[in-house]
Amino acid sequence: MAEGHAVIRWARRLAPLVGEPLVHVQMPKRWGERPQTLVGQRLLPPRTHGKHLLLPLSGGETLHCHGAQYGSWQVGERPMELRKEPKHVRLRLDTADHEAVFYHGPTVELLTPDELAAHERLNRLGPDIMAGGEGSPDFDRAEAVHRIRQRGEDPIKPVLLDQRVVAGIGNIYASEGLFLARVDPRRPAASVTEAELDALWDATIPMMWDGTTRYGRTETTPREMWDEGHTRWVYQRKNKPCHVCGTPIELVRLPPYERATYLCPACQR
DNA sequence: TACATATGATCAT
DNA sequence: TGATCCTATGTAA
C-alpha cells in the first residue's frame, strides 16, 4: 500500500495542520497519559525516510508512524466524518480547523529525542530513494551500491526490497524499475554493474515521483498503454505481452520471502 | 461463502 | 524457514 512515494504524499497532506496548536490527540492506550501532554504543542513539518513518517512536535518529541500494507491517512476540515470505524483509528491529531486520522498502521509511537536518536529500526535504514525532494535528487547512490555489493549472490530484486539496503522501494517499483533498467531480477546482486544500477536509479526515482505527483496512484506506464485495467509495465501483467517487445510477461517468486516478481524474459538480461 | 492474494515487516525457531 | 499481525479486494465456488 505504501511505498516511499505514498508516504511523501501523506506528509504533504498533513500541511494544513502544520504550525497549528493541537487541541486533541488520540492514541492507543499503551502510551498511557502521554498523548495528553501533546495538547497545545504544534506539529512541525513532517519528515519521511523511506516508508517511515516522522511527525516532530514543538515540545521536542516525535511521532513515528509506519503504514505497512494497510495504513492510510484521512485529513480534512473539522468536523470530519470518519471514513472507517473508530476502532481502526491508530492516531488522531486535531487542530482548531483540521484533523488527521491514521488508520490500521501497525506502528505508531511517541519518541523522545533520545529514543529517536537510538531507534534501531530507523538507524539501520539504507539511503532514501526519495531523498532530496522532487527535482533535486540527493539519493546516496554510492552507499546503496556498497550495501548491494555486500549481498553477494542474493538475487537483486529482493535485495532492493530490503529497507536496510535502500529505503522506500516497494514490490511494485522493484519490478518496474528493473524492467526499465533491463536487469533480470534473478541476477546475483553483486553481479549488477554500476552502470546498470545507475540506469535503475535513473528510471526508478522519476517514476516514483510521478507516482506521487502526477497521478496520485501507483501507475507507471503512459495512459495510452493501459490495457484491461493494467497501468504498469510488468507488475501484475503475467502472460500479457511486453509493452516493448511483445514477449509474455513472466511471474517468478524469489527467496527469501517468495514475493511476486514480474519480468520480461526477453528485455531483461 | 470461501479462498487467494496483497504496494510490509517482525519475531521465534 | 515458518508463523504471525494488520485488513481489503477480487475471484472462485
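Chain naming here is simple, since letters A, B, ... match the order of the sequence lines and numbering starts at 1 in each. Heavy atoms only: backbone and side chains are in, while hydrogens, waters and symmetry mates are out.
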Write down the distance separating the P atoms in C/dA13 and B/dT5, rounded off to the nearest Å.
-> 13 Å
Ignoring the backbone of A/Lys51, work out which of C/dT7, B/dA9, B/dT7 is nearest its side chain.
-> B/dA9
Output yes when at least one side-chain N/O atom of A/His104 is less than 4.0 Å from OP1 or OP2 of C/dT7, else no.
-> yes
Side chain to side chain contact (heavy atoms under 4.5 Å, CB included) between A/His24 and A/Val39: does it pass, once the steps are laid out?
-> CA-CA 6 Å; A/His24 178 75; A/Val39 171; 5.6 Å; no
Atom CH2 of A/Trp73 and atom C1' of B/dT7: how far apart are they, to the nearest Å?
-> 19 Å
Which is it for A/Glu61 and A/Thr112 under the side-chain hydrogen bond (donor to acceptor under 3.5 Å, both in side chains) test, yes or no, and what are the steps along the way?
-> CA-CA 5 Å; A/Glu61 294 182 306; A/Thr112 65; 5.9 Å; no
If only side-chain N and O atoms of A/Gln69 are considered, is one of them under 4.0 Å from the OP1 or OP2 phosphate oxygen of B/dA9?
-> no
Of the nucleotides B/dA9, B/dG8, C/dT7, which one has an atom closest to the side chain of A/Gln163?
-> B/dA9
Could you check how far CG of A/Asp162 sits from C1' of B/dT7, rounded to whole Å?
-> 17 Å
Indicate whether OP1 or OP2 belonging to B/dG8 is found under 4.0 Å from a side-chain N or O atom of A/His66.
-> no
Qualifying residues under side-chain hydrogen bond (donor to acceptor under 3.5 Å, both in side chains), relative to A/Glu250, sequence neighbours excluded = none
Candidate nucleotides B/dG8, C/dT7, B/dA6, ranked by approach to the side chain of A/Arg253 - the nearest | B/dA6
Could you grab the distance from atom CD of A/Glu219 to atom OH of A/Tyr235, nearest 0.5 Å is fine?
-> 14.5 Å
Hey, is A/Arg182 close enough to A/Glu196 for a salt bridge, meaning N to O under 4.0 Å?
-> no
Check the distance between B/dT7's C1' and A/Glu176's CD and give it to me in whole angstrom.
-> 11 Å
Closest non-hydrogen atom pair between A/Val18 and A/Pro45, with its separation | CG1-N, 3.8 Å
Partners passing side-chain hydrogen bond (donor to acceptor under 3.5 Å, both in side chains) against A/Asp202 (at least two apart in sequence or in another chain) | A/Arg141
How does DNA chain B look in dot-bracket form if you count Watson-Crick and G-U pairs under 3.5 Å, write [ ] for pairs that cross, and put | where a base pairs with another strand?
-> ||||||.|||||.
Send over the distance from A/Arg232 CZ to B/dA6 C1', rounded to a whole Å.
-> 11 Å
How long is the line joining CZ of A/Phe102 and P of C/dC6, in whole Å?
-> 14 Å
Return the nearest nucleotide to the side chain of A/Tyr70; candidates are B/dA9, C/dT7, B/dT7.
-> C/dT7
So does A/Arg83 get a side-chain nitrogen or oxygen closer than 4.0 Å to the phosphate oxygens (OP1/OP2) of C/dT7?
-> no
For residues 251-263 of chain A, run the donor-acceptor check on the side chains, cut-off 3.5 Å, and write out each pair with its distance to 0.1 Å, sequence neighbours left out.
from	atom 1	to	atom 2	distance (Å)
A/Arg253	NH1	A/Glu258	O	3.0
A/Thr261	OG1	A/Lys157	NZ	3.0
A/Thr261	OG1	A/Arg259	O	3.2

Whole angstrom is fine here: how far is it from CZ in A/Arg164 over to P in B/dA9?
-> 11 Å
Separation of the P atoms in C/dC6 and B/dT1, to the nearest angstrom | 24 Å
Atom-pair distance (NZ on A/Lys238; P on C/dT11), nearest Å = 15 Å
Show me the protein contacts with nucleotides 10-13 of chain B, counting only N or O atoms at under 3.5 Å.
from	atom 1	to	atom 2	distance (Å)
B/dT10	OP1	A/Arg121	NE	2.7
B/dT10	OP1	A/Arg124	NH2	3.4

If the P atom of C/dA8 is compared with that of B/dT10, how far apart are they to the nearest Å?
-> 22 Å
Distance below 4.0 Å between A/Arg259 side-chain N/O and B/dT7 OP1 or OP2 = yes
Check the distance between B/dT7's P and A/Asp210's CG and give it to me in whole angstrom.
-> 21 Å
Are A/Arg78 and A/Asp94 ion-paired here, with the side-chain N under 4.0 Å from a carboxylate O?
-> yes
Which residues share a side-chain hydrogen bond (donor to acceptor under 3.5 Å, both in side chains) with A/Gln236, sequence neighbours left out | A/Arg232
